[in-house]
Amino acid sequence: MHTPPARQDAIRAVINWNQRNDQPKEPTRYESDFGRDVFSERVMRQRLPKEVYRAVLKTIRHGSPLNPNVADTVANAMKDWAIENGATHYTHWFHPLTGLTAEKHDSFVMPDGQGGAILEFSGDQLVQGEPDASSLPSGGVRATFEARGYTAWDPTSPVFLNRSGDTVTLCVPTAFVSWTGDALDTKTPLLRSIDAISEQAMRTLRLFGADQGVSRVTPTVGPEQEYFLVDRNFFFSRKDLITCDRTLFGAAAPKDQQLEDHYFGAIPPRVLAFMAEVDRELFALGVPVRTRHNEVSPGQYEIAPYFETSNVAVDHQMLMMETLKSVAPRFGLQCILHEKPFAGVNGSGKHNNWSLSTDTGVNLLNPREEAHTNMQFLYFLTAVIKAVDTHADLLRAAVASAGNDHRLGANEAPPAIVSIFLGDLLLDIVRRIEAGAPMRSRKSGKLDLGARTLPQIPRDSGDRNRTSTFAFTGNKFEFRAVGASAAIAWTNTVLNTIVADALKQMNSALEKALGKGTPTDEKLKAAVTSVMQTTVKSHSRVLFDGDGYTEEWQKEAKRRGLPNFRDSVSAYEALRTRRAIALFESFGVLSPTELDSRFNIFIEKYIKQVTIEGRTMLSMARRMILPACLRHQTELAEAIIAAESAEVECDRLRARLRQHVEWVEQLCANIDALEATLENHAEDPVKHATHMRDKVLPAMQAVREVADTLENTVADDLWPMPTYRELLFIK
């Protein structure tokens with residue numbers, strides 16, 4: 001037996017690539033390239049009249065409405081800058097409800113009416129476009145014959161150049177709405193939620209007398225992105241990876257992550273070259289990437305940026321995913337963003353690090369003084385606790401997807417139960433607030449490492465908890481449950497809205513306690529303490545610093561009354577509750593129609609994704625795996641006949657043949673069962689999704705279990721696709 005030719009070619013390609021690229025090269029210098037392809041504040045300052053520049057800057061930094069009169073001036077400057085950099089077309093770049101980005105390119109060239117042409121880009125073209133609103137997901141908001149929709153320029157997110165080969169396109173970030181004004185994208189509700197939380201946070205600062213010089217509070221986000229890389233030769237030999245972005249079959253490799261030697265290990269040369277190219281392209285787009293390293297699973301890696309304002313971070317996160325995907329083929333690699341591309345090893349998430357910052361640069365979730373004396377910080381902290389406990393179901397729904405269902409709750413990601421980790425110091429303070437006890441802070445101290453050549457290093461106030469869904473990490477909250485392929489706009493829209501709701505209720509209670517007039521410091525402190533104590537008493541059940549992977553926590557969470565939605569179909573129901581409808585409507589983030597459309601889209605996407613996976617599995621099982629198994633069966637039977645004709649005993653071979661035939665028969669039966677259950681479903685979307693969860697997925701698992709068993713027994717030269725050993729380790 002030998003390795004199949006296709007796999008031999010892939011292995012040789014990897015060896016050849018590494019041999020060609022093992023010479024040291026001139027180190028990359030990023031500083032001069034950072035923001036090169038962005039119509040940044042620096043570029044605007046150089047190209048716009050002072051009054052126009054100030055007007056645009058006021059919109060970007062303080063959320064002020066943009067004066068329509070400046071649009072023509074800005075558009076002309078953008079056009080000149082873009083053409084100087086090689087652009088021939090422009091596009092309104094937006095985020096429809098596909099979870100991806102969308103664009104329709106228009107040329108700068110326009111007929112001049114005299115047989116010639118001119119380069120034109122007007123303020124009207126900058127501010128508004130008109131893409132088809134019926135061919136993208138609308139969740140029932142638009143019918144096929146109701147096609148009109150609009151894109152509207154979002155001046156708070158930088159315009160940039162997209163380079164692809166010799167083509168350069170000016171990309172204008174926009175919102176996307178229907179003719180009726182309903183949001184058909186993820187950006188419009190996000191911008192609304194930013195306004196909502198800014199309004200309530202400013203209200204809080206005014207109550208504390210801390211609003212001097214502050215005109216706006218903005219959520220900040222720093223999303224960490226995990227991903228897998230596989231050799232493209234192997235990728236295109238796997239129909240499941242091509243179609244589903246995850247493997248539907250695959251027996252465990254003898255070695256995977258058991259030795260825990262991949263995390264933070266030395267980065268393979270080809271992967272490091274890929275990472276450097278990704279950094280280079282993202283720096284040019286003004287995306288401030290900072291971290292790159294090996295993740296836990298073999299073949300898994302991570303990239304993370306600095307914090308940015310929420311809207312810009314969301315746009316940059318979409319650019320990051322697109323860049324990872326587009327750069328990988330240049331190095332003979334394929335980037336996989338699915339949450340669980342390989343069974344038995346860790347999947348990929350996207351840690352959503354979230355905080356609140358004033359436009360004067362103050363992080364409101366940073367305990368700048370002794371934590372127990374920083375009442376303003378504790379007030380915002382308490383609001384987050386209230387928000388997460390009150391709307392845990394919505395947070396779970398905000399990260400729900402068919403892909404993420406394979407990951408949440410496993411020993412690699414937080415459980416489906418939403419809880420908050422604060423760390424020893426903060427948990428002690430919050431417990432004291434709850435009990436009405438005198439507040440104090442534990443001292444963090446120093447760590448003596450025991451060797452004279454090593455410095456004493458400061459010890460943080462609390463440990464970290466990787467099993468927590470929502471963990472405080474010093475000056476921000478890390479929402480760890482977001483899936484690797486997710487567009488984070490929806491998650492942050494929900495997060496912003498629920499914290500705005502908590503602040504609104506606490507602010508109303510505080511205003512009532514303070515009464516009219518300017519309160520004394522003592523009265524303010526007493527009122528704030530009372531509001532926080534009442535809030536913490538009502539919502540402390542969500543605080544948990546233990547191991548979220550244990551069965552004991554499952555039981556304890558149930559005793560506390562915390563929701564536990566183990567799958568997306570159950571989690572999506574949170575979007576149809578009266579409380580959710582009232583929440584989003586009260587802040588103007590989503591109308592009932594817009595919220596219902598998202599429920600419909602999420603359910604429909606779940607159904608389609610599982611259906612595609614089921615059909616792909618049927619095709620692979622029938623056309624690839626079953627024929628390979630039958631060839632192996634024939635060879636085994638012929639070997640037995642040959643042995644017996646030579647009068648050689650072969651009882652064990654006969655037993656193996658008998659077992660193999662039983663497995664093949666079981667595979668055929670399971671294939672037929674999967675086909676039947678795929679075709680037999682209800683017309684109602686929710687019932688259909690429930691059927692996919694309860695019937696189709698178990699049927700798929702049954703097919704996989706038998707196929708993976710056969711993979712371990714069928715001759716290697718007969719097995720029709722690359723195995724986990726090759727996919728995960730050959731780089």
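At least one donor-acceptor pair under 3.5 Å links the side chain of Thr713 to the backbone N or O of Leu710. A donor-acceptor pair under 3.5 Å links the side-chain atoms of Ser355 to the main chain of Asn475, judged by distance alone. In this structure, Arg480 contributes its side chain and Pro414 its backbone to no donor-acceptor pair below 3.5 Å. In this structure a side-chain-to-backbone donor-acceptor pair under 3.5 Å is present from Thr491 to Ala398. With hydrogens and angles disregarded, no donor-acceptor distance shorter than 3.5 Å links the side chain of Tyr724 to the backbone of Phe342. Between the side chain of His632 and the backbone N or O of Ala715 there is at least one donor-acceptor pair closer than 3.5 Å. With His262 contributing its side chain and Glu295 its backbone, the two residues share a donor-acceptor pair below 3.5 Å. Without hydrogens or angle criteria, Asn352 side chain to Asn492 main chain gives no donor-acceptor distance under 3.5 Å. Using modelled atom types, one side-chain atom of Glu339 and one backbone atom of Ser485 make a donor-acceptor pair closer than 3.5 Å. Formation of a donor-acceptor pair under 3.5 Å by the Lys731 side chain with backbone atoms of Leu229 is found in this model.
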Self-check item: CA sep, side-chain torsions, deciding dist, call: Val221, Val314, side chain to side chain contact (heavy atoms under 4.5 Å, CB included)
Solution: CA-CA 8 Å; Val221 176; Val314 164; 5.9 Å; no
Quiz prompt | Test side chain to side chain contact (heavy atoms under 4.5 Å, CB included) applied to Leu626 and Cys668, step by step | solution = CA-CA 8 Å; Leu626 185 57; Cys668 292; 3.8 Å; yes
Practice problem: With side chain to side chain contact (heavy atoms under 4.5 Å, CB included) as the test, would you mind laying out the steps for Leu394 and Leu575 before giving the verdict? | Solution: CA-CA 7 Å; Leu394 282 178; Leu575 303 178; 3.8 Å; yes
Practice problem: Check step by step if side chain to side chain contact (heavy atoms under 4.5 Å, CB included) holds for Lys558 and Ile417. | Solution: CA-CA 9 Å; Lys558 184 177 182 180; Ile417 303 165; over 6 Å; no
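Separation of atoms CD1 (Ile488) and OG1 (Thr493) is listed at 10.0 Å; rounding is to 0.5 Å. A distance of 10.0 Å separates OG1 of Thr473 from CZ of Phe470, quoted to the nearest 0.5 Å. Interatomic distance, His681 NE2 to His691 NE2, rounded to the nearest 0.5 Å: 7.0 Å. Here CG of Leu678 is found 7.0 Å from CZ of Arg615. Values are rounded to the nearest 0.5 Å. Once rounded to the nearest 0.5 Å, the distance linking CD1 of Ile603 with CD of Glu573 reads 6.5 Å. To the nearest 0.5 Å, atom CD of residue Glu662 and atom CG of residue Leu657 are 10.0 Å apart.
When side chains are defined from C-beta on, Val696 does not count as touching Thr611, because their heavy atoms never get closer than 4.5 Å. Between Gln225 and Met321 there is a side-chain heavy-atom pair separated by less than 4.5 Å. Taking the side chain as every heavy atom from C-beta outward, Trp663 and Cys629 never approach each other to under 4.5 Å. At least one side-chain heavy atom of Glu556 sits under 4.5 Å from a side-chain heavy atom of Arg559. No side-chain heavy atom of Tyr227 sits less than 4.5 Å from a side-chain heavy atom of Ile336. A heavy-atom distance below 4.5 Å is found between the side chains of Ser310 and Asn496. Side-chain atoms of Ile420 and Phe477, non-hydrogen and from C-beta on, do get closer than 4.5 Å to each other. Inter-residue side-chain proximity for Trp354 and Phe479 is flagged as unmet; no heavy-atom pair is nearer than 4.5 Å.
Within a 6.0 Å sphere centred on CZ of Arg541, other residues, nucleotides and ligands contribute more than 12 heavy atoms. Summarising the local packing, CZ of Phe236 is surrounded by more than 12 heavy atoms from other residues, nucleotides or ligands at distances under 6.0 Å. No more than 12 heavy atoms of other residues, nucleotides or ligands lie within 6.0 Å of CZ in Arg290, so this atom counts as exposed by the packing criterion. Summarising the local packing, NZ of Lys608 is surrounded by 12 or fewer heavy atoms from other residues, nucleotides or ligands at distances under 6.0 Å. The 12-atom threshold is exceeded at NZ of Lys239, counting heavy atoms of other residues, nucleotides or ligands nearer than 6.0 Å.
Of the charged side-chain nitrogens involved, at least one lies within less than 4.0 Å of a carboxylate oxygen, so that Arg270 and Asp231 count as a salt-bridged pair. Under 4.0 Å is where a charged nitrogen must lie from a carboxylate oxygen, and between Glu226 and Arg407 no such pair does.
Looking at Gln300 and Asn346, their side chains never bring a donor and an acceptor atom within 3.5 Å of each other. No donor-acceptor contact under 3.5 angstrom links the side chains of Ser570 and Arg396, judged on distance only. Using modelled atom types and a 3.5 Å distance limit, the side chains of Thr723 and Glu711 yield no donor-acceptor pair.
Counting all heavy atoms, side chain and backbone alike, Ala707 lies closest to Ile625 at CB-CD1, 4.1 Å. When all heavy atoms of Asp708 and Gly250 are compared, the closest pair comes out as OD1-N, 2.8 Å. Scanning all heavy atoms of the two residues, the minimum distance from Val703 to Ala621 falls at CG1-CB, 4.4 Å. Between Leu248 and Arg704, the closest heavy-atom pair is O-CD, 3.2 Å. Scanning all heavy atoms of the two residues, the minimum distance from Ala481 to Asn404 falls at O-ND2, 2.9 Å. Closest approach of Gly99 to Ala487, counting heavy atoms only: O-CB, 3.9 Å.
Shown here are the side chain to side chain donor-acceptor pair (under 3.5 Å) partners of Arg238, two or more places apart in sequence or in another chain: Asp240.
By the 30° and 60° cut-offs, the orientation of the rings of Phe331 relative to Phe274 is perpendicular. Classified by interplanar angle (parallel below 30°, tilted 30° to 60°, perpendicular above 60°), the ring pair His338/His406 is tilted.
Aromatic rings from Trp490 and Phe602 are positioned such that their centres are separated by under 6.0 Å.
Pairs passing the side chain to side chain donor-acceptor pair (under 3.5 Å) check and including a residue from residues 319-328, sequence neighbours excluded, read Thr101-Glu322.
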